Number of protein chains: 2
Amino acid sequence: MAVTYREIKADILGRITRGDWKPGSLIPGELELAETYGAARATVNRAMRELAEDGIIERKRKSGSRVRLSPLRQARFDIPIVRREIEEQGAAYRYALVQSELVAAPDWVRARMGLAPGGKVRHLVCLHFADGAPYQHEDRWINLSVLPQARDADFATAGPNEWLVAQIPFSEAEISIAATAADAALSEHLACALGDPLLQIERSTRWKGQAVTFVRLVHHRGHRMTARY
Amino acid sequence: MAVTYREIKADILGRITRGDWKPGSLIPGELELAETYGAARATVNRAMRELAEDGIIERKRKSGSRVRLSPLRQARFDIPIVRREIEEQGAAYRYALVQSELVAAPDWVRARMGLAPGGKVRHLVCLHFADGAPYQHEDRWINLSVLPQARDADFATAGPNEWLVAQIPFSEAEISIAATAADAALSEHLACALGDPLLQIERSTRWKGQAVTFVRLVHHRGHRMTARY
DNA sequence: TAGTGGTCTAGACCACAGG
DNA sequence: CTGTGGTCTAGACCACTAC
């Protein structure tokens with residue numbers, strides 16, 4: 001076979017890192033590159049497209065492709081289901097339902113989910129353990145007007161996350177990460193001191209424009225999220 | 001033009017979310033889909049490839065493409081340079097160098113960077129302000145055996161991050177996020193109370209297998225990282 | 001061994017944006 | 001108007017892997 005798009009991509013990346021093509025400078029057009037590498041334009045196109053997706057170069061019609069002045073850095077974090085996350089670490093997973101109620105959504109939840117006043121939600125508080133030690137505290141709100149079947153679902157044995165994935169496998173979400181201090185409930189559930197710094201992930205999920213669920217996940221003290229890029 | 005790969009991708013995604021093709025089930029092969037949509041196989045291929053990249057489906061030669069049982073959730077966070085991050089919020093950026101020294105790397109830094117004993121590093125402590133308020137505390141270590149020019153560089157007016165991007169524009173990095181408590185120095189620099197929970201990002205950067213720099217970025221109280229997926 | 005995805009080619013037309 | 005990237009096609013061969 002002729003030259004692969006991977007080889008072309010690697011070679012172009014090499015020229016950039018080596019300094020042959022400096023940040024801000026123009027890269028030859030696809031046609032010229034195709035000749036250089038003795039490949040079809042489609043092959044060069046794929047290499048260049050991926051470099052653009054990787055944030056290495058910037059492409060514009062007519063003006064051509066340029067090396068980004070400062071490379072666009074983006075990290076990808078996997079957001080696994082807690083049970084998987086724990087089991088993949090080789091630990092035993094245990095789940096516990098702490099609280100369950102059907103209520104009108106409090107104002108701060110309504111604001112986060114974009115619900116109408118008086119909207120009914122199912123509110124759940126759960127704990128996830130790894131080898132018996134508290135791993136994650138889950139505070140979840142499910143919009144009953146979108147998922148009425150959540151009213152009667154039983155969350156005593158399996159976490160709501162896994163139930164939700166079965167109900168609405170594909171959805172859009174907004175996720176935000178912050179640090180929070182352990183309050184009385186958290187310090188008790190996560191077996192840490194009052195005021196301990198904890199990593200908190202909030203996620204609100206939408207489906208067809210409707211808010212499905214809002215969840216606040218607080219991890220045990222010392223938890224890290226890691227990624228490479 | 002005939003059917004676009006975007007239309008095909010959207011249609012397939014629709015069938016999946018609509019439940020026509022359930023999680024775990026087999027999707028028709030590329031050839032069959034190409035006939036169905038009246039498109040070339042390459043077009044269908046691109047649609048399917050992107051669905052696989054998005055974590056919606058799983059592809060295997062010979063056995064075909066399946067809808068993922070639980071969709072692979074991954075969030076992409078942009079990791080901008082602090083100055084940009086602040087200016088894009090419409091705030092005025094200010095930078096201050098707090099401390100600068102040339103030292104042998106302490107053990108914990110050597111461990112993180114994978115340096116040999118006695119390795120010299122440049123250690124910098126900096127502050128980044130948004131509209132006069134402390135925004136981020138930066139504790140940085142630069143490997144002088146890889147970047148000897150860091151010995152004499154002047155970090156009084158511009159942050160080391162921007163200097164580094166100019167020196168080594170493209171590199172690999174490992175990033176980890178955690179919550180930490182404000183110690184005496186942090187509480188003073190970030191104008192918060194002792195023990196306040198703060199979001200901490202650690203990043204170690206490599207270039208050609210060599211550790212270039214390790215940095216610990218601690219954000220002001222209440223900072224959030226946000227992403228959609 | 002056969003079926004499915006992975007990739008390349010050569011050619012074509014289109015869309016956008018600089019001049 | 002013109003150049004560059006964006007995309008589609010029809011056909012081909014290859015690579016992996018289940019059977």
Side-chain angles (χ1 to χ4, degrees), chain A residues 1-16 20-69 71-72 74 76 170, chain B residues 1-16 20-69 71-72 74:
Chain A
M1 179 179 303
V3 190
T4 70
Y5 82 92
R6 289 168 188 279
E7 289 170 325
I8 296 177
K9 184 181 174 184
D11 186 79
I12 294 176
L13 189 55
R15 287 175 196 251
I16 293 174
D20 299 351
W21 294 334
K22 299 193 190 305
S25 71
L26 204 60
I27 292 177
E30 294 190 352
L31 217 63
E32 189 180 333
L33 288 173
E35 276 185 45
T36 306
Y37 291 110
R41 188 169 79 94
T43 308
V44 174
N45 179 274
R46 173 143 188 207
M48 296 287 278
R49 185 180 354 121
E50 292 201 357
L51 286 170
E53 282 169 1
D54 293 348
I56 309 293
I57 66 174
E58 224 169 353
R59 315 196 75 191
K60 245 189 256 176
R61 280 158 157 142
K62 168 72 177 177
S63 46
S65 304
R66 293 180 176 283
V67 182
R68 277 199 126 90
L69 306 113
L72 183 65
Q74 43 190 6
R76 273 163 66 149
F170 302 95
Chain B
M1 179 179 300
V3 190
T4 70
Y5 80 92
R6 291 169 187 277
E7 290 170 325
I8 296 177
K9 184 181 175 186
D11 187 79
I12 294 176
L13 190 55
R15 287 174 196 251
I16 293 174
D20 298 352
W21 294 334
K22 298 191 190 307
S25 71
L26 203 61
I27 290 178
E30 293 190 353
L31 217 64
E32 189 181 333
L33 287 173
E35 275 186 47
T36 306
Y37 291 110
R41 188 168 79 94
T43 308
V44 173
N45 179 275
R46 176 143 185 208
M48 297 286 280
R49 187 184 349 122
E50 291 201 356
L51 285 170
E53 281 169 2
D54 294 346
I56 309 293
I57 65 175
E58 224 169 356
R59 317 196 73 189
K60 243 188 264 178
R61 280 156 155 139
K62 169 72 178 175
S63 48
S65 304
R66 292 180 176 282
V67 182
R68 278 199 126 88
L69 306 111
L72 183 64
Q74 42 190 7

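In this text the structure is predicted, and so the values were computed from the model without any measurement. In what follows, chains carry the letters A, B, and so on, assigned in the order in which the sequence lines appear, proteins first and then strands, with residues in each chain numbered from 1.
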Quick test: give all pairs of protein nitrogen or oxygen and nucleotides 15-19 of chain C nitrogen or oxygen below 3.5 Å, distance rounded to 0.1 Å.
| unit_1 | atom_1 | unit_2 | atom_2 | d |
| --- | --- | --- | --- | --- |
| C:dA15 | N3 | A:R61 | NE | 3.4 |

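With sequence neighbours excluded, the residues forming a side-chain hydrogen bond (donor to acceptor under 3.5 Å, both in side chains) with A:E50 are A:K9, A:R46, listed by chain and number. With sequence neighbours excluded, the residues satisfying side chain to side chain contact (heavy atoms under 4.5 Å, CB included) with A:E7 are A:V3, A:T4. With sequence neighbours left out, B:E30 forms a salt bridge (Lys or Arg N to Asp or Glu O under 4.0 Å) with B:R41, B:R59. For B:E53, the side-chain hydrogen bond (donor to acceptor under 3.5 Å, both in side chains) criterion is met by no residue, not counting sequence neighbours. Every residue two or more places apart in sequence or in another chain that forms a side-chain hydrogen bond (donor to acceptor under 3.5 Å, both in side chains) with A:Q74 is listed here: B:R76. Listed by chain and number, the residues in a side-chain hydrogen bond (donor to acceptor under 3.5 Å, both in side chains) with B:D11 are B:R15, B:Y37 (sequence neighbours excluded). Every side chain to side chain contact (heavy atoms under 4.5 Å, CB included) that A:S25 has, sequence neighbours left out, goes to A:W21, A:V67.
At least one side-chain nitrogen or oxygen of B:R6 sits closer than 4.0 Å to the OP1 or OP2 atom of D:dT7. OP1 and OP2 of D:dT7 both lie 4.0 Å or more from every side-chain N or O belonging to A:N45. A close approach under 4.0 Å does not occur between any side-chain nitrogen or oxygen of B:R46 and OP1 or OP2 of D:dG6. Using a 4.0 Å cut-off, no side-chain N or O of B:S65 falls inside it from OP1 or OP2 of C:dT4.
Taking atom NZ of B:K9 as the reference point, atom P of D:dC8 lies 12 Å away to the nearest angstrom. Straight-line distance from the CZ atom of A:R59 to the C1' atom of D:dT7: 12 Å, rounded to whole Å. Separating the CG atom of B:L26 from the C1' atom of C:dG3 is a distance of 12 Å, rounded to the nearest angstrom. The distance between atom CD of A:E7 and atom P of C:dT7, rounded to the nearest whole Å, is 12 Å. Counting to the nearest Å, the C1' atom of C:dG6 and the CD1 atom of B:I57 are 14 Å from each other.
Looking only at side-chain heavy atoms (C-beta outward), B:I16 and B:I27 come within less than 4.5 Å of each other.
Annotation: of the two residues near DNA chain C, B:G29 and B:A42, the 5′-most nearest-nucleotide partner is B:G29.
Without hydrogens or angle criteria, B:R66 side chain to B:G24 main chain gives a donor-acceptor distance under 3.5 Å.
A heavy atom closer than 4.0 Å to some atom of DNA chain C occurs in B:E30, B:R41, these being the qualifying members of residues 30-41 of chain B.
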